[in-house]
Amino acid sequence: MKEQYNFREIEKKWQGFWAEKDLFAVTEDENKEKYYCLEMFPYPSGKLHMGHVRNYSIGDVVARFKTMNGFNVLHPIGFDSFGLPAENAAIKNGSHPAVWTSSNIAEMEDQLRELGFSYDWDREACTYKEDYYRWMQWIFIQFYKKGLAYKKENPVNWCPSCQTVLANEQVVDGKCERCKSEVTKKKLSQWYLKITDYADRLLTDLGKLEGWPDKVKTMQRNWIGKSTGYEVTYGLKDGDLPMTVFTTRVDTIYGATFMVISPEHPYVEELIKGQKEEAACREYIEQAKKQSDIERTSTTKEKTGQFTGRYVINPANGKELPLYLADYVLMGYGTGIVMGVPAHDQRDFDFAKKFNLPIIPVVDCGDGTDYEHLEAAVAAEGTMINSEQFNGLNNIKAIQVIGDSFVERGVGKKTINFKLRDWLISRQRYWGTPIPMIYCEKCGWQPEKEENLPVLLPTDVEFTGKGESPIATSKTFVDTKCPCCGGAAKREVDTMDTFLDSSWYFLRYCDAKNDKMAFDPKKAAYWMDVDQYIGGVEHAILHLLYSRFFTKVLYDLGLVNVDEPFKNLLTQGMVLKDGSKMSKSLGNVVSPEEIISKYGADTARMFILFAAPPEKELEWSDTGVEGSYKFLNRVYRLVYEMAEDTKGIPAVYKVETKDDKQLSFVLNNTVKRVTEDISNRFNFNTAISAIMELVNELYRYKELEDVNMGLLRDATEKLVLMLSPFVPHIAEEMWEGLGFTESTYHQAWPKYDETQLVKDTVEIVVQLNGKVKAKLDVATGLSKEEFEKTCMDDENVKALLAGKEIVKVIAVPGKLLNVVVKG
RNA sequence: GCCUGGAUGGCGGAAUAGGCAGACGCAGGGGACUUAAAAUCCCCCGGUGGCAACACCGUGCCGGUUCAAGUCCGGCUCUAGGCACCA
């Protein structure tokens with residue numbers, strides 16, 4: 001240990017030491033309790049940004065802390081390395097995506113090492129490598145065999161800029177999640193995963209996830225969007241088509257005054273044919289088709305529609321209702337047909353106003369609403385009216401009563417609907433896992449034989465950036481033999497959505513080098529579930545929902561022993577500069593490289609953990625970084641001095657003087673606070689501030705005349721160990737400076753002595769009418785009565801109370817005395 | 001519109017079960033050391049009034065519960081995020 005804190009030298013030295021000793025490699029050990037600490041793996045965009053540094057610093061503290069507490073900690077890393085940017089870079093530079101990707105990965109690996117994260121690099125997984133996507137394909141085939149993958153022609157979300165389809169989850173505000181272009185509709189035959197089969201379980205099991213933030217669970221719950229209701233079949237006048245609607249408000253059926261059908265509904269053709277409104281209907285359908293989702297679903301848009309010329313018959317009362325086409329009815333939800341109850345649904349109300357349709361109230365919510373002249377739909381609970389034999393019933397009750405009556409008559413059934421759609425996974429792109437399916441004229445779609453995996457990405461392709469998958473330009477890829485009959489067949493040229501890759505990487509980490517299986521179920525059984533998952537809240541729906549889905553399917557296949565992958569989830573806040581997200585376009589990016597080269601990795605980690613609690617947004621501050629750097633220097637100087645002064649002195653001592661007691665108290669209290677702040681709350685900011693207080697106390701104590709060297713020694717050792725998860729390099733250096741040869745990583749986390757936390761006297765507060773008037777030192781451990789008497793007998797208190805009438809005395813031993821007085 | 005959070009000094013943030021509001025740090029001010037500066041070490045640092053002791057005010061706003069409210073309850077405002085024609 002040198003006199004000066006030279007972070008460059010120190011960080012390089014210890015990174016080398018860790019690598020050489022392979023310090024962070026772990027294996028399954030049944031004798032030790034496992035702990036799986038996982039941070040979301042990065043997309044290899046080129047360089048780490050501050051968000052990464054924050055994410056991985058948080059994870060590293062947890063991993064190192066758990067290791068020091070005796071757990072067998074799995075702390076892996078990898079790269080989510082398929083995806084569009086690599087392909088775009090390839091188009092731009094005329095190179096291959098693999099070149100761009102691997103060089104970015106190499107750079108980011110270096111940066112991760114420079115930050116001193118405790119990863120088990122032997123388990124690194126990169127999704128673009130054959131040894132990963134081979135098993136991705138294998139898993140896809142298992143899904144297919146289980147009937148969870150199917151191909152279907154559907155209108156899909158199409159991004160004209162990325163030239164590929166998007167999953168519903170990837171369309172944000174009607175725009176492409178990636179490039180923000182407006183998404184259009186296109187009819188294409190595509191592969192889907194049946195996530196809807198798991199909708200109910202994905203919803204119910206959210207209840208198990210006690211270690212997840214409510215916010216994320218709520219978001220998933222809303223996304224899955226379960227609603228219970230009835231399907232009711234209306235009759236068609238002059239026709240046989242069953243006009244079935246889905247409604248959650250079957251109680252309002254007597255208030256139905258029209259019916260609306262989605263323009264894309266398959267019945268429409270038959271319904272409008274030969275009607276005098278046919279031409280107008282066709283015109284309307286064309287218009288609807290042309291609209292983008294963003295126009296169509298805009299809530300501010302006025303309702304549009306077109307009468308079809310047809311009528312339906314309400315099974316409740318036999319009334320004839322006009323049937324309209326309207327684009328506010330979505331084909332993808334419910335039955336694509338809706339009964340219009342304007343009095344009790346705002347959308348129907350707007351539509352009725354526009355087309356001058358009658359409005360019949362059927363629920364009186366009893367608040368004096370003028371039902372003759374409604375100005376808006378009424379959704380509140382109330383009593384049934386205008387509903388024949390159901391009048392007078394509570395409407396919530398009526399839902400069941402009326403619903404059941406339709407079930408009995410055979411025109412209704414109880415149904416559950418989900419907003420969640422099946423997951424569209426085909427992408428018309430090159431840089432992804434090839435979908436391992438083969439089309440044979442005779443045998444239809446067949447999965448590639450498992451022994452032939454991986455289906456390799458071809459290299460003889462052209463990157464044109466045009467509408468079809470670039471793989472289609474390969475001369476060697478497409479033509480193949482049918483795995484079933486051996487005849488000529490063609491391969492699927494689309495690749496998988498990269499969200500599939502990231503839906504099981506945490507399982508691959510359990511057994512990353514296995515070339516016989518995706519992972520050994522025994523090893524997965526040892527490590528899973530992930531005890532702590534850490535990442536950005538932007539993945540609250542997509543990645544976290546897909547991963548849960550995958551885990552459940554693999555659980556059902558008997559490959560994993562847990563049906564939820566992530567026990568505890570920490571969603572970290574964004575890193576901001578000047579109040580907004582760091583971004584190139586705003587020009588407010590602070591690069592980790594810059595900070596590391598100026599102050600070192602330890603300072604960067606320290607600042608980012610100290611500046612805010614992890615789940616909150618973090619405002620970047622250059623002077624704050626400077627402050628962290630100064631603190632590390634301050635600690636270094638202190639430990640350097642202590643290393644010299646306490647050389648050869650064991651950390652054995654008796655607490656004697658008042659100052660000894662004070663330091664011993666602060667020391668033990670710090671150990672307690674830091675331990676609890678890390679393990680219970682992940683409040684690293686307060687953990688660090690506690691350590692700062694200990695350092696301040698040590699500075700005070702060491703200048704005293706009568707110092708206890710054993711105590712100082714003990715405090716210094718514990719200080720260094722407590723710092724080690726946060727700032728591992730400097731901690732190793734100081735630990736070595738104190739004469740130890742083993743890494744801090746393998747030291748036991750310091751313990752505190754409860755008896756040292758008990759003080760003889762404690763400062764309490766004396767209040768008059770709730771206002772602080774005096775402070776007293778009072779012995780601890782007194783009963784309420786003794787405490788009150790001691791306080792009341794105090795001269796200062798007596799003086800305060802002189803001439804006042806005591807109304808009431810509240811005594812809280814060890815805390816305060818509040819005297820309520822008059823006059 | 002609906003669902004979540006959040007609002008505390010000049011700034012980032014503490015206050016974990018209703019009990020001293022502002023821990024810790026940044027910025028600022030003062031002192032020591034120095035020929036000087038930097039670095040370091042020590043002290044001060046919510047507002048108003050006062051020479052001072054001290055008094056009054058103060059956790060987005062209005063009201064309530066309580067001996068005691070940043071914390072609990074009711075009603076708002078602003079703000080961030082998510083969802084949004086899902087019948």
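Because the structure is a prediction, the values reported are computed rather than measured. We name chains A, B, ... by the order of the sequence lines, and we start the count at 1 in each one.
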Please check if the side chain of A/Asn314 supplies one atom and the backbone of A/Ile253 the other of a donor-acceptor pair under 3.5 Å.
yes
According to a strict under-4.0 Å criterion, is A/Arg681 in side-chain N/O contact with OP1 or OP2 of B/rA14?
no
Tell me the interatomic distance from A/Trp223, atom CH2, to B/rC3, atom P, rounded to whole angstroms.
19 Å
Return yes if the base of B/rC83 and the side-chain atoms of A/Lys419 contain a donor-acceptor N/O pair under 3.5 Å, otherwise no.
no
In whole angstrom, what separates A/Asn669's CG from B/rU16's P?
14 Å
Just checking, A/Lys303 and A/Phe351: is the charged tip under 6.0 Å from the six-membered ring centre and within 45° of the axis?
no
5' priority, RNA chain B, between A/Val765 and A/Tyr333 [closest heavy atom]
A/Val765
Between A/Phe610 and A/Thr686, which has a closest nucleotide on RNA chain B that is more 5'?
A/Thr686
Rounded to whole angstroms, how far apart are CG on A/Asp350 and C1' on B/rA84?
15 Å
Taking B/rC42, B/rC83, B/rC20 as options, the one with an atom nearest any side-chain atom of A/Arg634 is B/rC42
Nucleotide nearest A/Ile810 (side chain, heavy atoms from C-beta), chosen from B/rU16, B/rC20, B/rG19
B/rG19
Hey, are A/Tyr284 and A/Thr304 close enough side-chain-wise for a donor-acceptor pair under 3.5 Å?
yes
Any side-chain N or O of A/Thr623 under 4.0 Å from OP1/OP2 of B/rC11?
no
Give a yes/no answer on whether the side chain of A/Asn696 brings an N or O atom under 4.0 Å of OP1 or OP2 in B/rG25.
yes
Under 4.0 Å between a side-chain N/O of A/Asn685 and OP1 or OP2 of B/rC24, yes or no?
no
Considering only atom C1', compute the distance from B/rG22 to B/rA7 and round it to an integer number of Å.
16 Å
How are the rings of A/Tyr629 and A/Tyr5 set to each other: parallel, tilted or perpendicular (split at 30° and 60°)?
tilted
Indicate the ring-plane relationship of A/Tyr546 and A/Trp423, choosing parallel, tilted or perpendicular according to the 30° and 60° boundaries.
parallel
On the nucleotide B/rC57, are OP1 or OP2 found under 4.0 Å from the side-chain N or O atoms that A/Lys771 carries?
yes
Report the distance from atom CZ of A/Arg54 to atom P of B/rG12, rounded to the nearest whole Å.
14 Å
Could you tell me whether A/Lys759 sits above the aromatic face of A/Phe665, with NZ or CZ closer than 6.0 angstrom to the six-membered ring centre and within 45 degrees of the axis?
yes
What's the gap between B/rC56 and B/rG50 when it is taken at their C1' atoms, as a whole Å value?
12 Å
I need the CE-P distance between A/Met219 and B/rU4, as an integer number of Å.
13 Å
Atom C1', compared across B/rC72 and B/rU65: separation rounded to whole Å
8 Å
Tell me if the side-chain of A/Asn222 makes a donor-acceptor pair with the base of B/rC83, cut-off 3.5 Å, by modelled atom types.
no
Could you tell me the separation between the NZ atom of A/Lys815 and the C1' atom of B/rC67, rounded to a whole number of Å?
16 Å
Within the distance-only criterion (no hydrogens, no angle test), does the side chain of A/Arg673 pair as donor or acceptor with the backbone N or O of A/Thr686 below 3.5 angstrom?
no
Does the B/rC3 base have a donor-acceptor partner in the side chain of A/Lys215 within less than 3.5 Å?
no
Do the side-chain N or O atoms of A/Tyr699 get closer than 4.0 angstrom to the phosphate oxygens (OP1, OP2) of B/rC41?
yes
B/rC41, OP1 or OP2 - any side-chain N/O from A/Arg637 closer than 4.0 Å?
yes
For RNA chain B, please output the secondary structure as dot-bracket, reading 5' to 3'. Pairs are Watson-Crick or G-U wobble, both atom distances under 3.5 Å; mark crossing pairs with [ ], other-strand partners with |, unpaired with a dot.
(((((((..(((......[....))).(((((.......))))).((((....))))..(((((..]....))))))))))))....
Using whole Å, what does the distance between atom P of nucleotide B/rU40 and atom CG of A/Leu632 come to?
12 Å
